[in-house]
Amino acid sequence: MGQLAAEKHTKYILQIEKKKDDIESALTEHLRINGAYWGLTTLDILGNLKAVEQEAVISWVMSCQHESGGFGGNIGHDPHLLYTLSAIQILSLFNKTQILNIPKVSTYISTLQNKDGSFSGDKWGEIDTRFSYLAICSLSLLNSLDKINVEKAVEYIISCKNLDGGFGCTPGAESHSGQIFCCVGALAITGCLHYVDKDLLGWWLCERQVKSGGLNGRPEKLPDVCYSWWVLSSLIMIDRVDWIDKEKLVKFILECQDIENGGISDRPDDAVDVFHTYFGVAGLSLLEYPGLKAIDPAYALPVDVINRLFLK
Amino acid sequence: MSEAVPSSYSDPSSLLYQLESILESDPLIDEVGFVHPSQFASMSDTSQANTTEMSFWSKDHKVGISTESIHPLYTAAKHAFMSSLHQYKMLIPLHSKKVDNISATSSPLTGLENELMKHSRALLLLSCDFGTAWNCRKEVVLNKQDIRLYLDELSLSSLVLSCSPKSERTWSHRRWVIKMIAGKCTNLEEILKNESDLANRIAEKSKMNYRAWNHRCWLVSYMPESQVIDELIKYRDWAGLHVADNSCFHYRTRLMSRTLEDSWYKQDLKATEICQLWKEEITWSEILIKRYIGREALWLYRRFLSVCWMKHFAGHSHTGGSGSGSGTHLDLFVENEIKLFRWCKRIPDNVFEDYQAQAMFAATYIIWLIKEMDEDEGVRSRRSVVVEKVGEEVEQVVNKVCPEKAFLLDLMLTKTKV
């Protein structure tokens with residue numbers, strides 16, 4: 001089995017951080033703050049966060065903030081919970097959440113909660129359990145969960161549980177590993193995992209492992225490195241991780257590396273990107289691959305960052 | 001006549017102008033695609049010289065954009081959009097609340113709104129999830145309150161989906177439009193039918209597209225009862241041809257679940273019809289399972305059907321009024337499932353993979369059934385009967401074809417509820 005090309009991955013991330021003019025960077029500029037979170041967290045897990053210019057990153061993140069308190073995906077882009085969590089996570093990595101006007105940010109988030117407990121992603125009202133996770137994770141990192149009706153929020157998430165044990169984006173929507181991570185993560189953060197049928201959900205999740213060892217996101221789909229994070233972190237949170245073959249999964253992730261230029265792709269021999277590089281490295285961290293910092297399965301941040309925040 | 005548009009100018013803003021003019025000139029454009037310049041030659045009239053330098057192609061309401069032009073076009077569209085947006089945001093507070101309807105058509109605000117709509121359209125075709133552009137369109141449409149503008153948004157988002165079928169922001173924009181017009185327009189049912197057809201067309205081209213199917217599931221809550229039944233019947237054949245598409249079977253899950261809502265099946269007359277519908281669906285599912293060997297989505301759908309059947313029909317008295325009592329119905333059902341398991345667990349000597357998968361799914365299906373029987377008070381008493389009848393056979397199959405799933409046997413053997 002190959003090894004993790006940690007140094008190459010560090011180089012790869014540092015190099016895309018600087019690149020802003022190629023077509024890939026241009027076409028994804030509306031979610032650059034997500035990209036920054038993926039890249040920086042990967043660097044931290046690899047033990048190389050110091051290689052970036054912290055001040056420049058932080059001042060750029062802060063310039064994505066709006067009057068409302070929410071963050072956009074880049075300067076001049078509208079705010080959304082998707083980008084607000086990434087901003088908070090980046091600041092957490094640098095131990096800099098104190099520079100935020102926390103009441104303002106948490107008010108932005110709490111006003112997006114609806115009567116039934118669900119969350120809209122922004123003022124335009126689309127509802128999704130992903131947004132519940134984003135809100136709950138953000139507020140928890142800011143120690144401000146008391147700003148929302150947690151009981152109602154949990155109730156809504158439970159209403160999105162399907163007969164197969166999984167969760168979808170709204171009540172009755174198809175189970176999807178990404179959505180399951182969001183729902184289980186939100187329930188873990190709020191201390192409500194007892195609402196999950198762990199055997200049933202664990203069953204659905206372990207059926208995501210295919211012959212190659214990789215995990216897929218839904219039945220009959222091809223495996224994809226990003227599910228190494230979503231399925232695996234969920235299995236860990238509900239204590240059923242032994243139901244998959246971990247060794248085979250490690251092998252699958254390592255096979256998706258670009259050994260020469262760094263970066264990880266969705267499947268072996270595909271083009272790499274920062275999204276899959278993060279999920280591959282984070283997945284390996286969950287699998288306790290040697291030399292990597294441990295990552296928290298619910299907050300999707302290194303465990304030492306979470307400890308620093310909560311044990312302060 | 002095909003219209004090949006030579007890119008006589010290389011600067012990005014004239015490229016943008018060309019694209020916007022093409023879009024403006026034909027409101028019936030229904031498909032946009034990105035084409036490598038070398039492909040233009042085969043698409044255009046032979047008289048066209050120098051097709052490799054073309055940036056756009058358009059014919060029969062279809063538009064092709066050269067892949068070489070995407071980057072400069074995107075940059076130009078983004079700058080044009082962002083600068084109009086900036087001006088718009090400065091102007092809008094001055095106009096708030098007191099829009100003069102008579103002069104509105106010629107006000108600077110209207111001019112700016114037109115610019116914004118034009119630039120955001122071009123931008124979204126190039127970068128479908130550029131949320132700020134969708135948001136600003138919502139803002140403009142909301143200010144005007146004209147139902148036709150809402151319908152225009154449905155057309156634009158269809159166009160974007162023609163080249164970016166998985167775009168989440170685009171599907172979300174459609175839901176916003178439908179929510180806004182749901183109470184205002186008289187032909188909502190027709191709009192919903194069109195939505196379902198659109199989602200189906202896109203699902204045909206882009207397989208297992210979660211966003212398209214999710215949109216379709218979302219529509220179900222707006223559908224009148226008759227349409228729910230129509231959808232189930234109309235798309236049954238389609239599902240039979242796409243047996244690996246889990247999303248398509250989940251859509252049926254959603255439709256079937258709606259028939260179980262209180263207002264439906266608690267009416268006596270309806271209950272008989274619905275029961276019949278469920279019976280047919282269960283029979284159909286069995287036919288598919290036997291015809292298409294080793295398909296995960298089919299087995300997962302059967303898990304759903306069985307659990308609901310036990311919960312709502314087999315264990316209850318209103319299963320059609322045959323007067324034979326609930327127990328018999330349940331026993332008959334369970335007997336049938338065991339037969340299905342035995343049929344599917346056989347692995348012929350000369351074929352391997354699909355049959356092994358089939359045997360595995362059949363075995364895990366029975367484990368599932370047993371676990372779920374334990375969860376349901378109405379059928380719990382029959383659980384031990386099933387374990388006794390096939391427990392050992394299931395164990396043998398699991399140990400033979402998927403020993404790594406042996407832990408599932410514990411779920412079958414440990415009785416959690418008393």
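Worth knowing before you read on, the calculation uses all heavy atoms, side chains too, and leaves out hydrogens, waters and symmetry mates. First the proteins, then the strands, lettered A, B, ... as listed; each starts at 1.
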Neighbour count >12 (heavy atoms, 6.0 Å) for atom CG, Asp116(A): yes

Of all of Val307(B), Leu408(B), Leu85(B), Ile70(B), which one pairs up most often with chain A through heavy atoms under 4.5 Å apart? Leu408(B)

Nearest-0.5 Å distance that lies between atom NE2 in His250(B) and atom CG in Asp164(A): 8.0 Å

Please assess Asp197(A) against Lys371(B) for the test salt bridge (charged side-chain N to carboxylate O under 4.0 Å, His left out), listing each intermediate value before the final yes or no. CA-CA 12 Å; Asp197(A) 183 336; Lys371(B) 181 181 186 312; 3.4 Å; yes

Is it the side chain or the backbone of Met208(B) that comes within 4.5 Å of chain A heavy atoms, both, or neither? both

Around atom CG of Asp21(A), are there more than 12 heavy atoms from other residues, nucleotides or ligands closer than 6.0 Å? no

CG on Asp78(A) to CD on Glu139(B), rounded to 0.5 Å: 8.5 Å

Closest heavy-atom contact between Leu126(B) and Leu27(A)? O-CD2, 3.7 Å

For a side-chain contact (heavy atoms from CB on, under 4.5 Å) with Pro219(A), tell me which candidate from Leu298(B), Asn246(B), Asp245(B) qualifies. Asn246(B)

Under 4.5 Å heavy-atom distance to chain A, tell me which part of Ser257(B) shows up: side chain, backbone, both or neither. neither

Please answer whether the main-chain N or O of His77(A) pairs with a side-chain N or O of Thr132(B) as donor and acceptor at a distance below 3.5 Å. no

Evaluate the side-chain proximity of Tyr210(B) to Gln179(A): yes if any heavy-atom separation is below 4.5 Å, no if none is. yes

How about residues 127-134 of chain A versus chain B: which residues have heavy atoms under 4.5 Å apart? Asp128(A), Arg130(A)

Under a 4.5 Å heavy-atom cut-off, does chain A meet the side chain of Leu142(B), its backbone, both or neither? side chain

In terms of heavy-atom proximity below 4.5 Å to chain A, should Ser221(B) be classed as side chain, backbone, both, or neither? neither

At a heavy-atom separation under 4.5 Å, does Asp129(B) approach chain A through its side chain, its backbone, both, or neither? both

If we ignore hydrogens and angles and just use 3.5 Å, is the side chain of Tyr74(B) paired with the main-chain N or O of Ala26(A) as donor and acceptor? yes

Residue from Lys405(B), Glu168(B), Lys207(B), Arg258(B) scoring the most non-hydrogen pairs under 4.5 Å with chain A is Glu168(B)

Part of Glu372(B) within contact of chain A (heavy atom distance under 4.5 Å): side chain

Give, for atom CZ of Phe130(B) and atom CG of Leu31(A), the distance between the pair rounded to the nearest 0.5 Å. 10.5 Å

Note: vs chain A, highest number of non-hydrogen pairs under 4.5 angstrom among Ser172(B), Cys136(B), Cys217(B) is Ser172(B)

Heaviest contributor of heavy-atom pairs below 4.5 Å to chain B, chosen from Leu163(A), Ile244(A), Asp242(A), is Leu163(A)

Heavy-atom proximity to chain A below 4.5 Å, by part of Cys308(B): side chain

Dump the intermediate steps for ring pair (Phe, Tyr, Trp, His ring centres under 6.0 Å) on Trp203(A) and Trp368(B), then the final yes or no. CA-CA 10 Å; Trp203(A) 185 343; Trp368(B) 169 275; 5.6 Å; yes

Toward chain B: residues of residues 206-215 of chain A with heavy atoms under 4.5 Å: Cys206(A), Glu207(A), Arg208(A), Lys211(A)

Counting heavy-atom pairs under 4.5 Å to chain A, which of His86(B), Arg254(B), Lys138(B) comes out on top? Lys138(B)

Are any side-chain N or O atoms of His71(B) and backbone N or O atoms of Glu24(A), one a donor and one an acceptor, separated by less than 3.5 Å? no

Under a 4.5 Å heavy-atom cut-off, does chain B meet the side chain of Asn74(A), its backbone, both or neither? neither

In residues 173-183 of chain B, which residues are in contact with chain A at a heavy-atom separation under 4.5 Å? Arg175(B), Trp176(B), Lys179(B)

Using a 4.5 Å cut-off on heavy atoms from C-beta on, say whether the side chain of Thr253(B) contacts that of Asn162(A). no

Counting only heavy atoms closer than 4.5 Å, note whether Ile367(B) contacts chain A via side chain, backbone, both or neither. both

Output the option from His30(A), Lys123(A), Glu174(A) having the highest count of non-hydrogen pairs under 4.5 Å with chain B. Glu174(A)

Residue part contacting chain A, namely of Arg169(B), when any heavy atom lies under 4.5 Å: side chain

Is chain A contacted by the side chain of Trp218(B), its backbone, both, or neither, given a heavy-atom distance below 4.5 Å? neither

Can you confirm whether Phe34(B) is buried at CZ, in the sense that more than 12 heavy atoms of other residues, nucleotides or ligands lie under 6.0 Å from that atom? yes

In terms of heavy-atom proximity below 4.5 Å to chain A, should Asn214(B) be classed as side chain, backbone, both, or neither? side chain

Those residues at least two apart in sequence (or on a different chain) that pass side chain to side chain donor-acceptor pair (under 3.5 Å) with Glu220(A) are Arg295(B)

